Structure formats: C-alpha cells, structure tokens
Amino acid sequence: MNTPTHNEILTELKRLALRQSGSDLPPVVVNERDGSPMVLVPAGSFTMGDGLDRESPQRTVSLEAFYISVYAVTNRQYRAFVQATGHRPPNIGARIDSLSVWHDDGCPEEFDDYPVVLINWDDAEAYARWAGCRLPTEVEWEKAARGPEGHIYPWGDRWDENNCRHRNNRGADSVAPVYAYPEGVSGYGTWNQSGNVMEWCSVRHEDTESANTASGEESLRQERGGCWRYPDKFAFRCSQRSFVVSKAVNDFRGFRLVLPVQAEA
C-alpha cells in the first residue's frame, strides 16, 4: 500500500473537518490563519507520566478539550509568517553544527514540508500568536502523544525503531518531512510526536502560567518528543521531560500549536 502524500492527507483531513463527531465538536478543524489541520483531544482525565524515571512520576491530570496540530509547523508555514510579519528567518544557529536549509533568499521549496527548526521559544510563541493559537502546555502535549490508551510511545507500549526518525535511521537531510513515519501516529492522530524534532511547550506541570513565562536568556522552557540526534529509545517516550533556556536555537527543535476549544466555538 502506497503512503499517502501530504496533499492527499490534508484533503482527507479537511473532509473530516466538515463532519461532526458524536459531540458538538468536529473531530478535525483547519486553522484559518496558517492552514494547520488540528485534531480534537477531548476533555477528561489521563495518567501523566510513566513512572520509568524520576522526571516522569505518574499522576492523574484533568484537562479541558483542545485541538492540537496534526503536524509540527513547517518551513512552508513559517515562510508565510516571516513574509507577513518581517520576523527573523530561521537561518542562524546557536553553534557551528546547527545547520539551516534557509538562506538569505528564503527556504527552497523542496524543504517546504519539513518542520521548521532553528527557532527559539520566543519565535515559536510569536508564530503561535500570529496564527491565533498558542503553544501546548506539557500536559496537553503528553496527553495528545499518549493517545486515548495512554501508551508509552505514540504507537504503543513497545519501542519500534521504524516508527520515528532517530540517529540510527536518519537520512542525508537528518530531519524528515512532517508526514513521514505514518506507523508512529498517535491514537489521537498526531504525527511525529516521537522523533524527528523536539518541540517547544509553554509551561511545566509544576509551574503556574505566570511562574514560567518570563522572557529572558535564563528562563527555562519545556521541550518534548525526542529528535533525530538521539539514539536512546527512552528519549522517545511520551513522558520524557527535559528543559532548555528559552533562547536556545538548534537544528533539532521545532513546535506545534494548540487551539483552545473556546477559541474555536
């Protein structure tokens, strides 16, 4: 069976967006500003953390319903944002090994469907505001990644090296297109929440909104998901947690969006 193309997937998601679910909320919406297909994660409790390390203790967390991007934000989408706002293009890395496909004249179209990288937290937050969305909290990110069954990895409870991009299977481009690895899709319908690129989140579960949103070089942010640089399977768990300064710029970190249901209604 052939893997569907990005356009075929988007066409099907748009079709689903017109069909109502059992609730009053459609299962899929397409964000008007940037065209992101977004899937519904229903309200309710879930078990956050898998108890496999000290950073991931298990606890029950309740959330309101929200929509989350099917894919990480792409170079195509970020180009539109840069052109509309004059925001800094992602063409300068933090270190010499942080390489960018963006050049002075923009990003080649052949990389349109790859996740945008080399952006710091403030860049991601600015894009989210422009798109009429926000960054996910780490709780929202983890619930979406674990799916309705609460799996350790988006696809299940057993590691499968073929289900995501990591150091041992990365290609010449390192980063894969956002619609790669369909076998790794979560139960809610999100792609590449394990592997490919790390993803910025807004706040830690232990912090209040005000305690962890201050800007500045030393403010720490949550990042989730594992990436193409990592070889260890435990780094790709949905509950794996790590922190980084908000000004960090690397070629293995991107982001996806959340649209609160209140904003959609």
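What you see is a predicted model, and the numbers here were worked out from it, not measured in a lab.
- In this structure, T85 contributes its side chain and F81 its backbone to a donor-acceptor pair below 3.5 Å.
- In this structure a side-chain-to-backbone donor-acceptor pair under 3.5 Å is missing from Q240 to R237.
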Steps toward side chain to side chain contact (heavy atoms under 4.5 Å, CB included) verdict (V261, L40) = CA-CA 9 Å; V261 165; L40 176 67; 4.3 Å; yes
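- The distance from atom CG of N250 to atom CD1 of I119, rounded to the nearest 0.5 Å, is 11.0 Å.
- Under the 4.0 Å criterion applied to side-chain N and carboxylate O atoms, D53 and R241 are not assigned as salt-bridge partners.
- A distance-only check finds a donor-acceptor pair linking the side chain of N169 to the backbone of E161 [under 3.5 Å].
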ask   = Should W141 and S202 be marked as a side chain to side chain contact (heavy atoms under 4.5 Å, CB included) after you check the CA-CA gap, both sets of side-chain angles, and the distance that decides it?
value = CA-CA 10 Å; W141 193 99; S202 58; over 6 Å; no
inquiry  = Quick one, D34 with Y127, criterion side chain to side chain donor-acceptor pair (under 3.5 Å). Give me CA distance, side-chain angles, the key distance, then yes/no.
reply    = CA-CA 10 Å; D34 74 343; Y127 180 98; 2.7 Å; yes
inquiry  = As a quick check of understanding, evaluate side chain to side chain contact (heavy atoms under 4.5 Å, CB included) for Y67 and L25, giving each step before the final call.
reply    = CA-CA 10 Å; Y67 289 97; L25 299 170; 3.6 Å; yes
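- Residues passing the salt bridge (charged side-chain N to carboxylate O under 4.0 Å, His left out) test with R146 are E142, sequence neighbours excluded.
- Annotation for F46: atom CZ counts as buried by contact number, over 12 foreign heavy atoms lying within 6.0 Å.
- A search for salt bridge (charged side-chain N to carboxylate O under 4.0 Å, His left out) contacts involving R170 returns nothing, not counting sequence neighbours.
- Put simply, the side chain of V116 does not reach to within 4.5 Å of the side chain of Q77, judged on heavy atoms.
- With rounding to the nearest 0.5 angstrom, the CD atom of E125 is 5.0 Å from the CG atom of L135.
- Atom CE of M48 and atom OG1 of T60 lie 12.0 Å apart (nearest 0.5 Å).
- Counting only N and O atoms by type, the side chains of S62 and S45 include a donor and acceptor under 3.5 Å apart.
- Of all heavy-atom pairs between Y188 and P42, the closest is CE2-CD, 3.5 Å.
- Aromatic ring orientation, F255 versus Y78: perpendicular (interplanar angle above 60°, classes split at 30° and 60°).
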request  = Given side chain to side chain contact (heavy atoms under 4.5 Å, CB included), test W102 with R79 step by step and report yes or no.
outcome  = CA-CA 10 Å; W102 286 66; R79 183 194 297 116; 3.8 Å; yes
Side-chain donor-acceptor pairs under 3.5 Å in residues 148-155, sequence neighbours left out?
residue, atom, partner, partner atom, Å
H151, ND1, D157, OD1, 3.3
Y153, OH, K233, O, 3.4
W155, NE1, R158, O, 2.9

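- Counting only distance, with no hydrogens or angles, the side chain of D122 and the backbone of S246 share no donor-acceptor pair below 3.5 Å.
- Every residue was checked against the salt bridge (charged side-chain N to carboxylate O under 4.0 Å, His left out) condition with R33, not counting sequence neighbours, and none meets it.
- Once rounded to the nearest 0.5 Å, the distance linking CZ of F234 with CG of D50 reads 9.5 Å.
- The shortest heavy-atom contact between W191 and Y179 is CZ3-O, 2.9 Å.
- Grouping the Ile, Leu, Val, Met, Phe, Trp and Tyr side chains by contacts below 4.5 angstrom, directly or via other members, places W200 with L118.
- In the hydrophobic clustering of this structure, V249 groups with V73; members are Ile, Leu, Val, Met, Phe, Trp, Tyr whose side-chain heavy atoms approach within less than 4.5 Å, directly or through other members.
- The shortest distance between side-chain heavy atoms of F66 and P260 does not fall below 4.5 Å.
- Applying the salt bridge (Lys or Arg N to Asp or Glu O under 4.0 Å) rule to pairs touching residues 38-48 yields nothing, sequence neighbours excluded.
- A side-chain donor-acceptor contact under 3.5 Å links R165 to the backbone of S174.
- The main-chain N or O of L257 is found under 3.5 Å from a side-chain atom of S69 such that the two form a donor-acceptor pair.
- Using a cut-off of 4.0 Å between Lys/Arg side-chain N and Asp/Glu carboxylate O, D232 and R167 are scored as not salt-bridged.
- Looking only at distances, a side-chain donor or acceptor of N75 sits under 3.5 Å from a matching main-chain atom of F111.
- The backbone N or O of V178 sits less than 3.5 Å from a side-chain atom of N192, completing a donor-acceptor pair.
- Partners of D123 according to the salt bridge (charged side-chain N to carboxylate O under 4.0 Å, His left out) rule, which considers only residues two or more places apart in sequence or in another chain, are R88.
- The CZ atom of R134 sits 14.0 Å away from atom CZ of R129, with the distance rounded to the nearest 0.5 Å.
- One distance of note links CG of N196 with SG of C164; it measures 9.0 Å at 0.5 Å rounding.
- In this structure, V41 and E140 have side chains that are not in contact, with every pair of non-hydrogen atoms separated by 4.5 Å or more.
- Hydrophobic clustering (side-chain heavy atoms under 4.5 Å, transitive across Ile, Leu, Val, Met, Phe, Trp, Tyr) groups V185 together with V70.
- Following chains of ILVMFWY side-chain contacts shorter than 4.5 Å, one can reach L63 starting from V39, so the two form part of one hydrophobic cluster.
- When the side chains of ILVMFWY residues are joined at heavy-atom separations under 4.5 Å, either directly or via intervening members, M198 and V101 end up in a single hydrophobic cluster.
- More than 12 heavy atoms of other shown residues, nucleotides or ligands fall within 6.0 angstrom of atom CD in E110.
- A donor-acceptor pair is defined here as one N or O able to donate and one able to accept, closer than 3.5 Å; such a pair exists between the side chain of W121 and the backbone of C201.
- When atom types are taken as modelled, the side chain of K143 and the backbone of G44 share a donor-acceptor pair closer than 3.5 angstrom.
- Contact of the S36 side chain with the Y71 side chain is not registered, since no non-hydrogen atoms from C-beta on lie closer than 4.5 Å.
- Side-chain atoms of F243 and E55, non-hydrogen and from C-beta on, do get closer than 4.5 Å to each other.
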